[in-house]
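Worksheet for the structure shown next.
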Number of protein chains: 2
Amino acid sequence: MDFPKTDIQFAEWCKALAHPARISIIKTLMNRRECICGELVLDLPLSQSTVSQHLKALKESGLIQGEVEGTKSKYCINKKNMKLFMKMMGTFQESMNQGCN
Amino acid sequence: MDFPKTDIQFAEWCKALAHPARISIIKTLMNRRECICGELVLDLPLSQSTVSQHLKALKESGLIQGEVEGTKSKYCINKKNMKLFMKMMGTFQESMNQGCN
DNA sequence: TGGTTATATCGTAATATTACGATATAAGAT
DNA sequence: ATCTTATATCGTAATATTACGATATAACCA
């Protein structure tokens, strides 16, 4: 690894947001606190399998977590990591706003 | 287009940050206000051509701009777009912090 | 003019992303 | 036990990303 660890993590989380479907998912999970996979599929103009892939990507990034509930899957924000990400965003914003006025 | 325009733009800018090299470039441009391409190449553990590609990606995202200065290229933050991006980040953070406490 | 320097672009290979339909899996219902 | 439902995963195709060395370009210098 040649880049700072925190930059690598920040980049990874940014990549998790680098698709409007995933942004939509995150926002929905934020509003509803938790969500069944099927609801997210209905919300999005994408097939079930594609939505499942995006959910997997988000889960692997650590920004959300999922648990099986009978035949359904319930997803929610991973608060610990999301907080960390928000903190990193804040730090980034601060350094940007230093110079962008 | 099926996703909200602002989500698409936010996703695109997040994608621009989705690599540690590009984060590094943005941070450097922030600190030094402006930068010659060659300085950025020295900063990064990547070849000249790869750095040039990352610069192109950032320029195409609209987060930075470049101008030719004789035989050199000088880059700086595109303040207008960066401000917009920071604003979007802020909005995102706010909605996240609603639910992540 | 000819050589040097700085940067961008080309060609290319390896890998990742994105999408879909089809299929597997596993729980719940009849 | 079988059927249905919800979700995940597989297979696959199209495209994008990332990296490099090699080459093109264009300005500067001698």
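Because the structure is predicted, anything quoted here is derived from the model rather than measured. In the text below, chain A, chain B and the rest are named by the order of the sequence lines, each starting its count at 1.
Under the side chain to side chain donor-acceptor pair (under 3.5 Å) criterion, A:Lys27 pairs with B:Asp7, sequence neighbours left out. Listed by chain and residue number, A:Ser47 satisfy the side chain to side chain donor-acceptor pair (under 3.5 Å) test with A:Thr50 (two or more places apart in sequence, or in another chain).
Rounded to 10 degrees, the angle between the two end axes of the helix from C:dT1-D:dA30 to C:dA27-D:dT4 is 10°, with five pairs used at each end.
Note: B:Phe92 and A:Phe85 have perpendicular aromatic rings, judged against thresholds of 30 and 60 degrees for the angle between ring planes. A:His19 and A:His54 have tilted rings, their planes meeting at an angle from 30° to 60° on a 0 to 90° scale.
For the pair B:Met89 and B:Trp13, the minimum side-chain heavy-atom distance is 4.5 Å or more. In this structure, the side chains of B:Asp43 and B:Val51 stay at 4.5 Å or more apart for every pair of heavy atoms. Residues A:Ile26 and A:Met82 are in side-chain contact: their nearest non-hydrogen atoms beyond the backbone lie under 4.5 Å apart.
By the rule that hydrophobic residues join a cluster once side-chain heavy atoms approach within less than 4.5 Å of another member, A:Ile36 and A:Leu29 end up as members of separate clusters.
Shown are B:Lys72, B:Lys79, B:Lys74; of these, the salt bridge (Lys or Arg N to Asp or Glu O under 4.0 Å) with B:Glu34 is made only by B:Lys74.
Heavy-atom distances under 4.0 Å link DNA chain D to no residue of residues 61-69 of chain B. Near DNA chain D, meaning a heavy atom under 4.0 Å away, the residues from residues 41-58 of chain B are B:Leu46, B:Ser47, B:Ser49, B:Thr50, B:Gln53, B:His54.
Residue B:Thr71 is the one, among A:Gly70 and B:Thr71, whose nearest nucleotide of DNA chain C lies closer to the 5' end (criterion: closest heavy atom).
Here the range on DNA chain C touched by chain B, meaning any atom under 4.0 Å from one of its heavy atoms, is C:dT5 to C:dT9.
Without hydrogens or angle criteria, A:Ser52 side chain to A:Ser49 main chain gives no donor-acceptor distance under 3.5 Å. Looking only at distances, a side-chain donor or acceptor of A:Gln93 sits under 3.5 Å from a matching main-chain atom of B:Met86.
A pairwise comparison of heavy atoms in A:Cys37 and A:Leu55 identifies SG-CD1, 4.0 Å as the closest pair. For A:Gln65 against A:Ile77, the heavy-atom pair with the smallest separation is OE1-O, 3.6 Å.
Looking at heavy-atom distances under 4.0 Å, A:Lys15 makes contact with sugar-phosphate atoms alone, never a base.
As a whole-Å value, the separation of B:Ile36 CD1 from D:dA27 C1' is 13 Å.
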